[in-house]
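Read the structure below first, then the notes.
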Amino acid sequence: MAKNKLSEMSTDELKKQKGLLRGIVIGMAVVMLLCYIVLIYLVLQNKKYVLLVIIPATFMSLLPSALRLIQINTELKARHSNK
């Protein structure tokens with residue numbers, strides 16, 4: 001079993017990484033939303049509805065970052081409750 005690297009990090013490092021990841025996730029979500037709007041417009045314009053399958057499939061690109069952010073939040077909450 002691999003070591004939990006989050007438990008080895010300081011609280012300040014975790015907060016810094018949390019802020020960075022939150023910014024990345026929000027930025028990616030905004031860009032993806034804009035791309036979805038353009039994609040829907042092009043699909044309706046060209047009547048190629050098969051391309052709509054791309055939308056749910058691209059949510060998987062946010063999954064690793066979101067999972068890591070959840071892990072960091074859990075570690076911070078665990079440290080806060082131990083005090």
Side-chain angles (χ1 to χ4, degrees):
M1 183 178 237
K3 289 183 181 179
N4 185 2
K5 292 184 181 180
L6 292 178
S7 62
E8 297 173 358
M9 295 174 72
S10 70
T11 304
D12 291 334
E13 290 174 330
L14 285 174
K15 287 180 180 179
K16 183 178 178 182
Q17 192 173 16
K18 176 184 173 183
L20 178 68
L21 271 175
R22 187 185 314 168
I24 289 171
V25 170
I26 290 172
M28 284 180 57
V30 168
V31 169
M32 287 174 62
L33 180 65
L34 293 174
C35 289
Y36 294 157
I37 292 169
V38 171
L39 179 67
I40 290 171
Y41 172 76
L42 291 173
V43 163
L44 293 175
Q45 201 71 358
N46 296 325
K47 295 183 171 59
K48 294 187 179 185
Y49 301 107
V50 173
L51 294 176
L52 289 175
V53 175
I54 294 172
I55 292 175
T58 56
F59 280 114
M60 292 298 186
S61 65
L62 285 177
L63 193 59
S65 299
L67 289 176
R68 183 67 174 183
L69 189 57
I70 291 169
Q71 289 174 343
I72 291 172
N73 285 333
T74 304
E75 180 69 24
L76 285 172
K77 286 180 186 177
R79 290 183 184 189
H80 182 68
S81 65
N82 288 340
K83 287 184 179 181

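Bear in mind that the values here come from a model prediction, so they are computed numbers and not experimental data.
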Identify each donor-acceptor pair in which a side-chain atom of residues 15-37 lies under 3.5 Å from a protein atom, sequence neighbours left out, and give them as a table.
from, atom 1, to, atom 2, distance (Å)
K18, NZ, N73, OD1, 3.3
Y36, OH, I55, O, 3.4
Y36, OH, T58, OG1, 2.3

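To the nearest 0.5 Å, atoms CZ (R79) and OG1 (T11) are separated by 4.5 Å. How far CD of E8 is from CG of L14: 11.0 Å, rounded to the nearest 0.5 Å.
A single hydrophobic cluster is not seen to contain both F59 and I70; linkage of ILVMFWY side chains at heavy-atom distances under 4.5 Å, directly or through other members, places them apart.
Closest non-hydrogen pair, S61 versus P64, comes out as O-CD, 3.7 Å.
For residues 41-56, the set of pairs meeting the side-chain hydrogen bond (donor to acceptor under 3.5 Å, both in side chains) definition, not counting sequence neighbours, is empty.
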Exercise. Apply side chain to side chain contact (heavy atoms under 4.5 Å, CB included) to I40 and L52, showing your working.
Key: CA-CA 7 Å; I40 290 171; L52 289 175; 4.2 Å; yes

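Here L63 pairs with M60, L67 under the side chain to side chain contact (heavy atoms under 4.5 Å, CB included) rule; sequence neighbours left out.
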